[in-house]
Amino acid sequence: MLHPVLVELSGVEIRTHDVSVAGGVLVAGAVFAVQVRRRARLGRPVDDRIWIVVAGTLVGGAIFSRLGTWLQHLDLRDNATLVEQWAYGNRSILSGLVGAYAGALLAKRLCGYPGRTGDLFAPAVALGMVVGRVGCLLSELPGTPTTLPWGVTLSAVEAAQVPGGVAGVALHPSFAYEIGFHLLAFVLLLWLRDRMPREGDLLTLYLIAYAVFRFAVEFVRGNAVAFAGLTRPQLFLLACAPLVMWQVVRLWRRSRTVARAAAAPRMEINA
Amino acid sequence: MTGWQGSGPAYSPQPPGQRRPIEGRRVAIGVAIAIGAHLLTLAAIPIGSLFQDGAILGAFVFLALQGLLFLTLLVVGIVLTVRQDGGIGVGLLIGWALGVLVSFGGCVALLNLTA
């Protein structure tokens, strides 16, 4: 099942994970471009400063995806140096998303971009994640042991290729779960993109859904437990929980306001 | 127009308050420059393999070049963008971020080859 090396060219290993991450970024870019063109066709052209927002998103994502897992230990001496972390450290999707979001906000503030851009990014991020996670599916530990019929079993050779790998035991295909989530999210986002109460709410909805899903799937992901039976991504998501709840309440209130406003003219006509 | 300002529409002074639009073509040029610079840093690895402790030397030089590239592209990209160059600065920033994906995957691949 595992194919950490996609192909070998003249002795140079082309790693599956790196190719899938690059592919994910390219696919996300293509979907983003399609969204921008669609807006123009619908008579709502996107300001050309969107390029600056894209730059902020990518730079923030690139930096935080590498440095987001840097200070994992309370004893600072146990953490890698900055150079070690940048060169050899784990990359984190959650950190990357935080960095991308912060980068976009900063870029918009600096260039004075008018309006909200989340609806353009949401489907792109979802489909990009589908492609990117294929690399994880083919090169990382699938998940924790399971008795479910769809568990995947690693051979002895495959188990030796991944840290914590166990041969002959059925494991949760946690990355397959995540690919399924993002694929479903992509379809739903396309359906919802013209139905949200306010521009930009699409990305908020997607991030909330992913936060909830990621918290749940971490129980079968096989990441190291850090504190109170929870992994580091779960602890990070718990820390973000107040912000998530606040956004959920805002979305719900906004949808109620829009629904009431839509019903008001009909009530006046019927009065 | 005075001589030192150059000639042609590319060097025409903009009316005050009018922002120069960002063009996709110029963004693409900036992206290509940045990614090309990334790929050049990868050359440090096979060149380092010609010396003693080749893989270590190559990786060290590669990381040093990456740090220099980061600072250079960030500063130049931001300055050009603020000066409203029409997109090359933005392209440098986008290209740097995209290149981080290519160069480190390539670094690992080349280090495995030279080790």
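So that the names make sense, note that chain A is the first sequence line, chain B the second, and so on, each numbered from 1.
Looking at heavy atoms from C-beta onward, A:Leu58 lies out of side-chain contact with B:Trp96 at the 4.5 angstrom threshold. For the pair A:Val59/B:Phe70, no side-chain contact is recorded, criterion being any heavy-atom separation below 4.5 Å from C-beta on.
Looking at B:Val90, the atoms closer than 4.5 Å to chain A (heavy atoms on both sides) sit in the backbone and in the side chain alike. Of the two parts of A:Ala55, the backbone and the side chain both hold a non-hydrogen atom closer than 4.5 Å to a non-hydrogen atom of chain B.
The distance from atom CG of B:Leu93 to atom OG1 of A:Thr57, rounded to the nearest 0.5 Å, is 11.5 Å.
Here the closest heavy-atom approach between residue B:Arg19 and residue A:Asp48 is recorded as NH2-OD1, 2.8 Å. Taking both residues in full, the closest heavy atoms of B:Val100 and A:Arg66 are given as CG1-NE, 3.4 Å, listed atom of the first, atom of the second, then distance.
In the displayed structure, A:Arg38 atom CZ is contacted under 6.0 Å by more than 12 heavy atoms of other residues, nucleotides or ligands. More than 12 heavy atoms of other shown residues, nucleotides or ligands fall within 6.0 angstrom of atom CZ in A:Phe175.
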